[in-house]
There are 2 protein chains.
Amino acid sequence: MGRRLSICNSIDDCDLAILANESSRMTVADGRSFIEEGAPANDFFVVTGGRVKLFTLLPDGRRQITGFAEGGDFLGLAASTSYAFGAEALGGATLCRFPHAGMQRLTERFPSLEHRLREEASRELALMQARMTLLGRKTARERVATFLIERCSHLDRPDPSHPIELDLPMPRTDIADYLGLTIETVSRILSAFKKEKLINIRSITHITLLAPERISMIAEGME
Amino acid sequence: MGRRLSICNSIDDCDLAILANESSRMTVADGRSFIEEGAPANDFFVVTGGRVKLFTLLPDGRRQITGFAEGGDFLGLAASTSYAFGAEALGGATLCRFPHAGMQRLTERFPSLEHRLREEASRELALMQARMTLLGRKTARERVATFLIERCSHLDRPDPSHPIELDLPMPRTDIADYLGLTIETVSRILSAFKKEKLINIRSITHITLLAPERISMIAEGME
DNA sequence: TACCAGACTTGATTCAGGTCAAGGTGATGG
DNA sequence: CCATCACCTTGACCTGAATCAAGTCTGGTA
């Protein structure tokens with residue numbers, strides 16, 4: 001979770017060798033889990049390629065996806081001694097792993113990194129506030145609309161009131177577990193949006209937002 | 001949000017005068033709001049006495065309480081340029097305000113403070129993960145049970161399997177908005193717990209957990 | 001002591017979203 | 001080119017929690 005932490009931003013013209021020294025690369029195959037909820041937290045991760053999903057589980061298997069992460073995102077801030085979440089690759093991912101000990105050496109060498117990490121945590125906290133409102137107070141329609149709009153903001157293209165092409169790299173199950181709904185409800189609402197000409201479903205993963213403005217309105221409960 | 005940040009922990013035998021210089025005290029009357037969601041974020045706050053609730057609103061007035069804070073808790077991590085939440089005193093509170101600029105001077109003078117803040121943000125993030133699971137995936141019964149157990153952990157008394165006396169300083173409305181339920185549902189479930197001899201309701205604010213273990217089980221969906 | 005206002009509880013009813021149960025679709029491999 | 005499998009969609013029905021509507025309890029006031 002947390003976007004665009006090019007870790008080097010805070011090291012600038014830094015000694016990259018040091019950084020490389022403290023980290024190791026790894027690749028994770030689709031659907032493979034690489035952080036176990038509750039396991040001792042020894043590493044930070046930075047997603048360098050592909051996508052990852054973060055989640056927590058209830059004992060009976062109910063799952064809440066707490067976020068999706070992609071290139072540049074940082075994982076592991078929500079962990080003190082043990083991880084507060086599990087993580088799993090979504091279609092294959094590459095990661096950079098920073099053992100905590102090494103991370104500490106890095107923050108000592110580059111103090112601004114510590115500040116950067118806090119900023120990242122703050123950004124993440126602000127996002128979570130919004131997500132709690134979504135989960136606690138929004139209707140299914142509003143949730144799905146919010147999800148679509150959220151996906152737009154991942155496109156760095158500034159968003160006019162023109163149609164926007166989106167792709168949803170995650171299966172419906174993941175969308176449902178992210179929004180606190182069932183896959184049937186997600187599916188039904190996407191179909192409804194289509195019928196209302198708010199979106200066009202070109203394929204399972206490719207969706208066009210035909211009326212982004214209206215979808216934003218719905219997302220905020222102002223339709 | 002975030003507990004037990006005695007800011008001096010990270011300054012230790014520090015120059016308290018400097019700290020005092022950078023902060024100002026304030027008191028907020030019951031129900032009085034002192035952080036406006038979306039307003040430019042210029043200050044951090046530390047709760048020094050009383051209680052505070054944090055929340056976000058939807059345009060039509062739906063409210064999600066994202067946390068309660070009390071003595072020692074830190075507010076304002078979930079803010080970059082503008083606050084991601086509103087805050088309001090719950091029965092009167094006293095606060096210490098740290099303007100960002102002053103805070104920056106403090107972190108420069110006491111670098112470990114920066115680390116401390118990140119830790120605090122991490123702790124908060126981990127809590128939020130759990131809360132997202134609550135809001136997205138738990139039943140009303142599980143939510144209320146979780147809330148009761150959560151309140152226990154605010155008591156620093158270690159919790160045996162004996163009855164535990166709790167007080168709930170917030171009105172039912174706030175509990176409901178915290179759990180993503182209505183006040184009727186909260187009320188009904190507390191009554192049900194009482195009928196099942198899981199709790200005893202001594203007064204509106206005073207509740208005794210008669211079977212904390214069982215309530216924990218319910219909270220985790222394992223009843 | 002009686003009255004009042006605000007907060008809480010309880011009951012009856014409704015409805016959004018879940019559950020259960022068929023189909024459809026599209027990518028992969030034989 | 002068809003079979004298969006995993007994933008998605010759609011429909012019928014059900015249910016947990018919301019909504020609507022009375023009560024009830026409490027503490028404060030006169």
Side-chain angles (χ1 to χ4, degrees), chain A residues 30-31 53 58 60-65 90-92 134-147 166-196 199-207 218 221 223, chain B residues 30-31 53 58 60-65 90-91 134-148 166-196 199-207 218 221 223:
Chain A
D30 185 21
K53 57 189 171 197
L58 289 173
D60 63 2
R62 277 173 287 172
R63 185 178 69 153
Q64 177 65 47
I65 291 190
L90 182 65
L134 178 143
L135 293 171
R137 287 300 180 214
K138 287 191 181 179
T139 65
R141 238 176 111 77
E142 290 162 1
R143 292 180 201 204
V144 174
T146 307
F147 175 71
L166 274 189
D167 79 15
L168 307 181
M170 64 290 287
R172 297 285 187 265
T173 319
D174 287 352
I175 300 178
D177 283 348
Y178 179 68
L179 298 177
L181 300 170
T182 59
I183 68 175
E184 293 95 329
T185 299
V186 171
S187 186
R188 269 188 259 271
I189 286 172
L190 286 175
S191 300
F193 283 172
K194 180 179 173 183
K195 200 175 306 176
E196 298 171 42
I199 66 174
N200 188 15
I201 303 176
R202 300 190 298 148
S203 83
I204 285 174
T205 56
H206 291 115
I207 286 189
I218 295 171
E223 64 174 329
Chain B
D30 185 22
K53 58 190 171 196
L58 289 174
D60 63 1
R62 276 173 287 173
R63 185 179 69 155
Q64 176 65 47
I65 291 190
L90 182 64
L134 178 141
L135 293 171
R137 287 301 180 214
K138 288 191 179 178
T139 65
R141 236 175 112 77
E142 290 161 2
R143 293 181 201 205
V144 175
T146 307
F147 176 71
L148 293 174
L166 274 190
D167 78 15
L168 306 182
M170 65 290 287
R172 297 285 187 266
T173 318
D174 287 352
I175 300 178
D177 283 347
Y178 180 68
L179 298 177
L181 300 169
T182 59
I183 68 176
E184 292 95 329
T185 299
V186 171
S187 185
R188 268 188 259 272
I189 286 172
L190 287 174
S191 300
F193 283 173
K194 180 180 174 182
K195 199 174 305 174
E196 298 171 42
I199 67 174
N200 187 16
I201 303 177
R202 299 191 297 148
S203 83
I204 285 175
T205 56
H206 292 113
I207 287 191
I218 294 171
E223 63 173 330

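Letters A, B, ... mirror the listed sequences (proteins, then strands); counts begin at 1. Only a predicted model underlies this, so the values are computations on that prediction, with no experimental measurement involved.
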Rounded to whole Å, the CD-C1' distance (Glu142(A) to dG17(C)) equals 14 Å
Here the distance between atom P of dA7(C) and atom CG of Asp30(B), to the nearest Å, is 10 Å
Atom CZ of Arg143(B) and atom P of dA17(D) are separated, to the nearest Å, by 8 Å
- Task: Evaluate the side-chain proximity of Arg202(B) to Ile207(B): yes if any heavy-atom separation is below 4.5 Å, no if none is.
- Result: no
Let's go through Glu223(A) and Glu142(A) carefully: what are the C-alpha distance in whole Å and the side-chain angles of both, what is the deciding distance for side chain to side chain contact (heavy atoms under 4.5 Å, CB included) to 0.1 Å, and is it a yes or a no? CA-CA 9 Å; Glu223(A) 64 174 329; Glu142(A) 290 162 1; 5.9 Å; no
Problem set entry | Trace of the side chain to side chain contact (heavy atoms under 4.5 Å, CB included) decision for Asp177(A) with Arg137(B) | CA-CA 8 Å; Asp177(A) 283 348; Arg137(B) 287 301 180 214; 2.8 Å; yes
Rounded to whole Å, the NE2-P distance (His206(B) to dG27(D)) equals 11 Å
Ser187(A) has its side chain closest, among dG17(C), dC8(C), dT9(D), to dT9(D)
Rounded to whole Å, CG of Leu190(A) lies from C1' of dT10(D) at a distance of 14 Å
Exercise. Is there a donor-acceptor pair closer than 3.5 Å between any side-chain N or O of Arg143(A) and the backbone N or O of Tyr178(A)?
Worked result: no
Walking DNA chain C from its 5' end, the first of Ile204(A) and Thr139(A) to be reached, judged by nearest nucleotide, is Thr139(A)
Against the side chain of Arg188(B), the closest entry in dT10(D), dA12(C), dG17(C) is dA12(C)
Arg137(A) CZ to dG17(C) P, in whole Å, measures 13 Å
dist Thr185(B):OG1 -> Arg141(B):CZ (nearest 0.5 Å) comes out at 13.5 Å
**Message:** Can you tell me if Thr185(B) touches the phosphate of dA18(D), counting only side-chain N or O atoms and a distance under 4.0 Å to OP1 or OP2?
**Reply:** yes
Looking only at heavy atoms, the pair that brings Leu181(A) and Ala140(A) closest together is CD2-CB, 3.8 Å
Separation of dA16(C) atom C1' from Arg62(B) atom CZ, nearest Å, is 13 Å
All heavy atoms of Thr146(A) vs all of Lys138(A), minimum pair found to be OG1-NZ, 3.0 Å
Check: Hey, does Ser203(A) reach any base, or is it just sugar-phosphate, or nothing, if we go heavy atoms under 4.0 Å?
Finding: nothing
The dot-bracket string of DNA chain C, counting Watson-Crick and G-U wobble pairs with both distances under 3.5 Å, using [ ] for crossing pairs and | for pairs to another strand, is ||||||||||||||||||||||||||||||
Rounding to 0.5 Å, atoms CD1 (Ile201(B)) and NE2 (His206(B)) come to a distance of 13.0 Å
Expected list for residues 171-184 of chain B near DNA chain C, using heavy atoms below 4.0 Å, is Pro171(B), Arg172(B), Glu184(B)
Rounded to whole Å, the CD1-P distance (Ile189(B) to dG11(C)) equals 15 Å
So OG1 of Thr182(B) and CD1 of Ile175(B): to nearest 0.5 Å the spacing works out to 12.5 Å
